[in-house]
K.L.:
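What follows is a structure written as structure tokens; I'll ask about it next.
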Amino acid sequence: MNTSRPPKTVSASSVQNHVYKVFPNDLNAHYTVFGGLVMSLCDRVALVVSERHSGKICVTASVDSFHFVAPAKDGDTLLISAAVNRTWSSSMEIGVRVDAENSFSGESKHIVSAYFTFVALDEDNRPCEVPDIQPMSEDEIRRYNGAQVRRDARLRTRESLKSMK
Ligand SMILES: CC(C)(COP(=O)(O)OP(=O)(O)OC[C@H]1O[C@@H](n2cnc3c(N)ncnc32)[C@H](O)[C@@H]1OP(=O)(O)O)[C@@H](O)C(=O)NCCC(=O)NCCS
């Protein structure tokens with residue numbers, strides 16, 4: 001726990017429904033939205049959330065569980081939402097969700113979910129402390145608890161890979 005700064009709420013830094021309109025140059029050879037574009041959009045939105053929360057320059061440390069659950073197509077409007085799930089010493093897990101909306105009919109479908117870990121850096125580019133997060137709603141508490149399970153798995157994998165060197 002970081003005692004130096006008061007905890008912040010999830011809503012203080014979250015992004016809701018950032019819009020990106022899909023045009024033909026966003027498509028892959030299958031004429032659906034190129035996955036790398038969606039990954040880049042998610043990384044940018046999650047970065048903004050991490051920088052709002054920490055007040056520091058942040059870098060992406062890892063991305064896991066990036067699931068493309070449905071395709072988006074030409075003309076769709078992508079709606080990107082991101083929020084801090086949990087923080088530790090210098091790192092933060094940001095959950096990202098993308099929906100694809102047909103803005104004529106108003107129908108929308110879930111296309112992507114992912115978890116990003118960002119690390120806040122000080123003036124010397126060293127990891128530095130970030131404020132705690134204060135989950136309030138039932139969903140925020142569920143994500144907060146799930147984030148610890150995911151972090152444990154991430155760090156286990158990181159340690160196993162290190163020991164193979
Ligand atoms: C992320 C980075 C700053 C971590 O630096 P480091 O020297 O490994 O620092 P530490 O080992 O002290 O770890 C710092 C924090 O990052 C977390 N972390 C490091 N690697 C991680 C990974 N792969 N996944 C999740 N968390 C990670 C640690 O758990 C620690 O969290 P905590 O302070 O909240 O406990 C460093 O690896 C880096 O600069 N990476 C490149 C980042 C980058 O360029 N991103 C752009 C994408 S190309």
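Residue numbers run from 1 in the order of the sequence given. Numbering of ligands and ligand atoms starts at 1, following listing order. Remember, predicted model here, so these are calculated numbers, not experimental data.
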K.L.:
Among protein heavy atoms, which sits nearest to atom 25 (C) of ligand 1, and what does the distance come to when rounded to 0.1 Å?
P.N.:
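Among all protein heavy atoms, the one nearest atom 25 (C) of ligand 1 is S62 OG, 3.4 Å.
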K.L.:
Count the heavy atoms of every other residue, nucleotide or ligand shown that sit under 6.0 Å from CG of L47, and state whether that count exceeds 12.
P.N.:
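Counting neighbours around CG of L47, more than 12 heavy atoms of other residues, nucleotides or ligands fall under 6.0 Å, so yes.
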K.L.:
Quick one: closest heavy-atom pair of R86 and I133, and the distance?
P.N.:
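Distance-wise, the nearest heavy atoms are CA-CG2, 3.8 Å.
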K.L.:
Considering only heavy atoms from C-beta outward, does the side chain of V22 approach that of L27 to under 4.5 Å?
P.N.:
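Touching, per the 4.5 Å side-chain cut-off.
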K.L.:
Would you please classify the geometry between the F68 ring and the F66 ring as parallel, tilted or perpendicular, with 30° and 60° separating the classes?
P.N.:
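Tilted: the ring planes of F66 and F68 meet at 30° to 60°.
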K.L.:
For residues I57 and E51, report the shortest heavy-atom separation together with the two atoms involved.
P.N.:
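Looking at all heavy atoms of both residues, the shortest contact is CA-OE2, 3.7 Å.
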K.L.:
For a quick test of reading the model, state the closest non-hydrogen atom pair linking L79 to N17 and the distance between them.
P.N.:
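Closest heavy-atom pair between L79 and N17: CB-OD1, 3.8 Å.
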K.L.:
Protein non-hydrogen atoms only, distance under 4.0 Å: does atom 7 (O) of ligand 1 have such a neighbour?
P.N.:
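So far as the 4.0 Å threshold goes, atom 7 (O) of ligand 1 is out of reach of every protein heavy atom.
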K.L.:
Answer yes or no: does an N/O atom from R151 fall short of 3.5 Å to an N/O atom of ligand 1?
P.N.:
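Looking only at distances, the answer is yes, because the N/O contact criterion of under 3.5 Å is met.
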K.L.:
Between the side chains of E101 and K109, is the shortest nitrogen-to-carboxylate-oxygen separation below 4.0 Å, so that they form an ion pair?
P.N.:
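So K109 does not pair with E101 through a salt bridge.
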K.L.:
Would the distance check show the side chain of H110 and the main-chain N or O of V112 forming a donor-acceptor pair, the cut-off being under 3.5 Å?
P.N.:
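Such a contact is found between H110 side chain and V112 backbone.
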K.L.:
Heavy-atom distances under 4.0 Å are what count here, so tell me which part of L155 touches ligand 1: side chain, backbone, both or neither.
P.N.:
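Within the 4.0 Å criterion, L155 contacts ligand 1 through side-chain atoms alone.
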K.L.:
Hey, is atom 19 (C) of ligand 1 touched by any protein heavy atom at less than 4.0 Å?
P.N.:
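At least one protein heavy atom is under 4.0 Å away.
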K.L.:
Under 4.0 Å and counting heavy atoms only, is there anything from the protein next to atom 1 (C) of ligand 1?
P.N.:
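Yes.
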K.L.:
Considering all protein heavy atoms, does one lie under 4.0 Å from atom 36 (C) of ligand 1?
P.N.:
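Not a single protein heavy atom is under 4.0 Å away.
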K.L.:
For atom 16 (O) of ligand 1, which of V119, V59, T117, V63 has the closest heavy atom?
P.N.:
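It is V119 that holds the nearest heavy atom.
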K.L.:
For atom 27 (C) of ligand 1, what's the nearest protein heavy-atom neighbour? Residue, atom name and distance, please.
P.N.:
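Protein heavy atom at minimum distance: A61 CB, 4.0 Å.
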K.L.:
For atom 40 (N) of ligand 1, is the nearest protein heavy atom under 4.0 Å away?
P.N.:
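Not a single protein heavy atom is under 4.0 Å away.
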K.L.:
Within the 4.0 Å heavy-atom shell around R154, which atoms of ligand 1 are there?
P.N.:
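Counting atoms of ligand 1 from 1, those under 4.0 Å from R154 are 25 (C).
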K.L.:
Any protein heavy-atom neighbour for atom 44 (O) of ligand 1 (distance below 4.0 angstrom)?
P.N.:
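Within 4.0 Å: no protein heavy atom nearby.
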K.L.:
Identify, for atom 11 (O) of ligand 1, the protein heavy atom at the shortest distance, and state residue, atom and that distance.
P.N.:
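Of the protein heavy atoms, R158 NH2, 3.2 Å lies nearest.
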K.L.:
Which heavy atom of the protein is the closest neighbour of atom 42 (C) of ligand 1, given with residue, atom name and distance?
P.N.:
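Of every protein heavy atom, T60 O, 3.4 Å lies nearest to atom 42 (C) of ligand 1.
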K.L.:
Please determine whether a side-chain nitrogen of the Lys or Arg among R143 and E140 lies less than 4.0 Å from a carboxylate oxygen of the Asp or Glu.
P.N.:
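Here R143 does not pair with E140 in a salt bridge, since their nearest N and O are not under 4.0 Å apart.
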K.L.:
Hey, looking at atom 32 (P) of ligand 1, which of C128, P127, S90 has the closest heavy atom?
P.N.:
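The option holding the nearest heavy atom is S90.
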K.L.:
Quick one: nearest non-hydrogen protein atom to atom 34 (O) of ligand 1, plus distance?
P.N.:
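Scanning the protein heavy atoms, the shortest distance from atom 34 (O) of ligand 1 goes to S91 OG, 2.6 Å.
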K.L.:
Charged N to carboxylate O below 4.0 Å: is that the case for R97 and D99?
P.N.:
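Yes, R97 and D99 are salt-bridged.
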